[in-house]
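In what follows, a single structure is set out as structure tokens and then discussed.
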Amino acid sequence: MNSIDVTTPIKVTPFDPGKADVWKTKIDPKDRLVIVNPADFKPDTLLSKIGLNGNILGPSFGIADEVEIKSRLALMEFFLQQEDLDDYATDLKSFINLPSNKDNFYRFYNPASRHNEYWRKLHHLFAKIDDQAPSALQKLKKVFSAYLDYEEKERTFSRYITDRMENMGQFEGFAHIVFDGDSSITGSGRYEVEVFVDGELVYESEFRSLEDAGHRYHSIKVVGYDSHRGYSASLDFGSANSMVVHGYTVHSYNVLNICPKPYPRWVMQKWNPWAWLFGRKERQKIDALNKENIKKAYQPTVISRLSLKAVADIMKGFLEHMGSISVSAYNNYDVKLSYNLFRGGYSNLYFHYGEDGLAMKILELNCSAETDTLRLKFQNYPGFSGADESMFRSTASSLRNNMQIHALALENNDMITKIIKEKEDFFNFFSVQAPNIDARYKWFALENIWLSPAYKEFYDNLLDHRTFFHKQVASISAIVDIVSKYKTLAEKTGEPICIPSITQSHNIVSFRSVFPFRLIGEEKDIQPIRNLPPLNGQIVALTGRHGGGKSTTGITIMDYIYLVMSGLPVLGDGFTTNIKKVIGLVVNEEGKGSTAQVLIRKINNLVKGIGKVSAKEAVVFIDEMGKGTQEVDGFETSMKVLQALKDRGVSVIFNTQILALAQNVVTELNGLAMKVDDRHAYSIGIGDGGMKDLVRSVGLDKSLARLKKMKK
């Protein structure tokens with residue numbers, strides 16, 4: 001029957017891709033970028049503006065691993081240069097939609113094709129990766145090339161599987177189900193099998209031995225229990241003969257239980273004379289025996305009787321289908337009849353199992369109505385002979401039986417009418433989950449073949465191959481999506497996409513321009529930030545008019561450090577930085593206590609946080625330095641903090657409306673003060689808040705003048 005010897009294993013080199021991940025997603029905590037006061041810096045807000053919320057690589061953003069960051073930036077640059085980026089995206093998305101798990105491992109396989117879709121798409125992908133591609137893609141291509149023999153061996157494996165699929169096992173049968181219990185049937189709760197042999201309950205631990213012995217059961221029940229309502233329903237197959245099954249499967253159940261006979265210990269003893277003389281023949285004899293047993297296990301098997309667990313699947317499916325109809329469909333009877341509606345009733349059920357799983361159809365559903373005994377008025381009429389009375393009794397009995405049958409039919413028809421009215425497809429075929437049957441008969445799932453002794457090792461390695469490359473392709477697809485989002489934003493804003501430079505020689509953050517992502521959707525005319533000096537271990541004070549963008553500037557610089565430390569491009573020009581391990585922010589006063597208390601606690605967190613790394617690995621931004629208290633106290637406290645940060649050599653950017661503070665930063669701390677004008681442009685110098693212009697621009701000066709003229 002089989003064109004391939006099922007006893008010959010497929011040998012392959014164990015799949016070991018090493019460290020060939022295109023994008024490292026498992027990040028060691030020590031390699032994470034630390035954000036001090038994380039409530040003041042929320043990456044999700046930034047990523048949502050770019051359109052990257054939900055990107056599968058998001059959890060791996062914000063790192064301090066220089067090698068990985070440079071590798072990611074190289075990938076970004078490579079895909080930015082691809083003119084057919086949309087084609088890339090389409091190909092990659094179709095690839096990752098291919099099945100990769102054991103439940104549908106070969107569903108897409110077409111043995112008539114040169115390559116199945118999985119291999120075809122991998123060949124197509126790696127054909128695009130030339131010598132100019134980044135090293136991460138080159139490593140991935142080498143892994144692919146190293147295991148190309150898997151493709152041909154999978155074809156061999158698949159030819160065998162195809163042969164099996166074309167001869168898939170199936171069965172069908174007829175069951176007569178007797179209702180024996182409460183008429184309140186529900187589809188919820190749990191179900192158990194109860195088997196009675198000669199009236200005695202047999203426990204599940206004994207099922208297997210009874211099945212192996214071919215025992216004919218006296219009765220088989222499936223009992224349903226509802227956690228809320230207690231005992232729910234009991235269905236009885238009656239005798240095993242009431243269930244008729246016929247069908248076949250390609251293999252016997254023994255496929256899952258093949259246990260090769262081991263060699264005797266003496267055969268393997270190097271210095272045993274018996275091993276020298278007879279060991280080889282003994283091994284050959286055992287090998288031949290094992291091979292014969294494996295062949296027998298793969299012989300077609302006729303199905304004439306189902307296991308108890310298979311019966312349980314059928315009965316459970318039937319119970320759940322019955323429970324899909326609400327009680328209101330059949331409870332409009334008198335109390336006595338309602339309680340006994342299904343007690344003693346029965347159903348005839350057809351079931352079929354094949355490629356699409358288990359399906360069933362209710363052919364007949366009968367309740368058992370209890371009607372009062374009919375008493376005929378002429379039953380004891382005097383004057384009849386004995387023979388006449390005997391004839392009348394016989395006729396009366398027949399009449400009563402016919403009338404009871406007729407009454408039962410009326411009640412049953414009424415019940416069925418109500419069921420159909422509620423669920424018109426109730427008596428059509430319906431599919432049933434059948435885990436016990438699947439485990440034994442579902443060859444279409446192919447798991448039993450994959451786990452057979454000849455193929456398990458190959459299957460495990462092939463599954464590792466599938467899992468690894470699906471992950472890599474998903475990562476590449478996510479990278480392409482990121483690049484695509486950046487391109488869209490660049491076209492929308494007119495700003496260039498910049499691949500940042502990573503330097504090792506300086507404590508620096510510098511740029512010619514950066515675009516404030518967080519303002520997207522909030523302002524119509526968003527200006528890029530320009531003309532700021534590099535942050536190279538010095539302190540930069542931002543001053544000038546209220547609403548000029550000082551806070552936005554500080555947060556945007558921290559945004560871009562986070563993006564670069566994620567291996568992402570920036571929207572701007574000339575961005576350069578060394579690797580940062582800590583960014584610290586003090587932006588808002590949300591928290592317990594007064595404004596001053598909250599801000600001092602956050603500054604304390606910041607000071608402690610940056611003390612854990614070298615000065616060049618940290619950047620600090622403080623918004624509205626000195627606020628929350630009197631100007632004198634704000635000035636003195638701020639100078640102490642800034643002096644400590646200066647002595648540490650940390651890059652600091654802050655904004656303030658305390659002009660004396662900005663002045664002292666220049667004169668005492670050798671820092672730099674920048675002022676912003678009404679066009680959001682910076683220049684060297686110290687600017688006031690522009691309060692007069694602000695009062696005039698909103699018309700407050702005129703409102704005050706009018707108020708002054710009004711009479712008391």
Side-chain angles (χ1 to χ4, degrees), residues 33-55 57-58 61-62 76 481-498 500 509-532 535 540 542 544-575 577 580 582-590 602 606 619-625 627 651-656 674 676 678-682:
L33 175 68
V34 176
I35 300 173
V36 182
N37 297 324
D40 289 8
F41 182 84
K42 298 179 180 177
D44 285 350
T45 303
L46 167 65
L47 297 175
S48 66
K49 296 291 185 178
I50 307 174
L52 298 185
N53 262 6
N55 188 284
L57 302 180
F61 291 169
M76 293 292 168
D481 180 64
I482 292 170
V483 171
S484 178
K485 294 286 173 52
Y486 269 86
K487 283 190 168 185
T488 300
L489 283 173
E491 292 175 3
K492 184 177 180 180
T493 62
E495 295 296 318
I497 299 174
C498 170
V509 177
S510 68
F511 54 86
R512 286 187 285 275
S513 70
V514 290
F515 185 84
F517 275 127
R518 291 188 188 237
L519 295 183
I520 293 175
E522 298 178 14
E523 294 185 14
K524 291 182 179 180
D525 183 23
I526 306 174
Q527 297 297 319
I529 299 167
R530 297 187 175 92
N531 304 329
L532 279 177
L535 295 176
V540 177
L542 305 181
R545 61 180 281 118
H546 296 286
K550 300 184 297 298
S551 298
T552 297
T553 297
I555 293 174
T556 296
I557 291 172
M558 305 306 262
D559 280 345
Y560 276 70
I561 293 172
Y562 177 83
L563 291 175
V564 177
M565 294 304 107
S566 300
L568 303 178
V570 299
L571 212 56
D573 186 32
F575 200 97
T577 183
K580 303 298 182 185
V582 173
I583 58 175
L585 299 92
V586 179
V587 173
N588 63 60
E589 59 272 13
E590 293 177 6
K602 289 187 175 183
L606 188 150
V619 181
V620 169
F621 169 59
I622 302 175
D623 189 31
E624 295 293 347
M625 189 73 161
K627 73 176 179 178
S651 297
V652 180
I653 185 169
F654 75 94
N655 64 304
T656 185
M674 305 293 294
V676 64
D678 57 357
R679 294 188 176 184
H680 308 288
Y682 286 95

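These numbers come from the heavy atoms of this one structure, side chains and all, not from hydrogens, waters or symmetry mates. Since the structure is predicted, the reported quantities are computational estimates derived from the model, not experimental observations. Here, residue 1 is the first one in the sequence, and each next residue gets the next number.
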- Query: Looking only at heavy atoms, which two atoms of Asp40 and Lys602 are closest? And how far apart?
  - Reply: OD1-NZ, 2.7 Å
- Note on the structure: For Ser513 and Arg530 the tightest heavy-atom approach is CB-CG, 3.7 Å
- Query: Taking all non-hydrogen atoms of both residues, which atom of Ala490 and which atom of Ile497 are closest, and how far apart?
  - Reply: CB-CG1, 3.7 Å
- Say whether, by atom type as modelled, one donor and one acceptor occur between the side chain of Ser566 and the main chain of Gly62 under 3.5 angstrom. yes
- To the nearest 0.5 Å, tell me how far Leu519 CG sits from Lys49 NZ. 8.0 Å
- Could you state the interatomic distance from CG (Leu47) to CD1 (Ile482), rounded to the nearest 0.5 Å? 9.0 Å
- May I have the step-by-step check of side chain to side chain contact (heavy atoms under 4.5 Å, CB included) for Thr577 and Val619, ending in yes or no? CA-CA 11 Å; Thr577 183; Val619 181; over 6 Å; no
- Kindly say whether Asn53 contributes a backbone atom to a donor-acceptor pair with the side chain of Ser48 at under 3.5 angstrom? no
- Query: What do the steps show when you test Leu542 against Val676 for side chain to side chain contact (heavy atoms under 4.5 Å, CB included), and what is the final call?
  - Reply: CA-CA 7 Å; Leu542 305 181; Val676 64; over 6 Å; no
- Task: Kindly determine whether Leu563 and Leu46 satisfy side chain to side chain contact (heavy atoms under 4.5 Å, CB included), including the steps that lead there.
- Result: CA-CA 9 Å; Leu563 291 175; Leu46 167 65; 3.9 Å; yes
- Item | Worked verdict on Phe515 versus Val570 for side chain to side chain contact (heavy atoms under 4.5 Å, CB included) | CA-CA 8 Å; Phe515 185 84; Val570 299; over 6 Å; no
- Query: Once you round to the nearest 0.5 Å, how far does CD1 of Ile50 lie from CZ of Arg518?
  - Reply: 9.5 Å
- Task: Please list, chain by chain and in numerical order, all residues satisfying side chain to side chain contact (heavy atoms under 4.5 Å, CB included) with Asp481, sequence neighbours excluded.
- Result: Asn55, Lys485
- Query: Say you draw a straight line from CD1 of Ile561 to CG of Leu33; how long is it, rounded to the nearest 0.5 Å?
  - Reply: 8.5 Å
- CD1 of Ile653 to CD1 of Ile555, rounded to nearest 0.5 Å, is 11.0 Å
- Measuring from Thr553:OG1 to Asn655:CG, what's the distance to the nearest 0.5 Å? 8.5 Å
- Message: In this structure, is the centre-to-centre distance between the rings of Tyr562 and Phe61 below 6.0 Å?
- Response: no
- Query: What is the ring orientation for Phe575 with Phe511, classed by angle as parallel under 30°, tilted 30 to 60°, or perpendicular over 60°?
  - Reply: parallel
- Of all the heavy-atom pairs spanning Cys498 and Gly574, show the shortest one and how long it is. SG-N, 3.7 Å
- Measure across Asp573 and Arg512 and return the closest heavy-atom pair with its distance rounded to 0.1 Å. OD2-NE, 2.7 Å
- Scanning both residues in full, the closest heavy-atom pair of Pro516 with Pro528 reads CD-CA, 4.1 Å
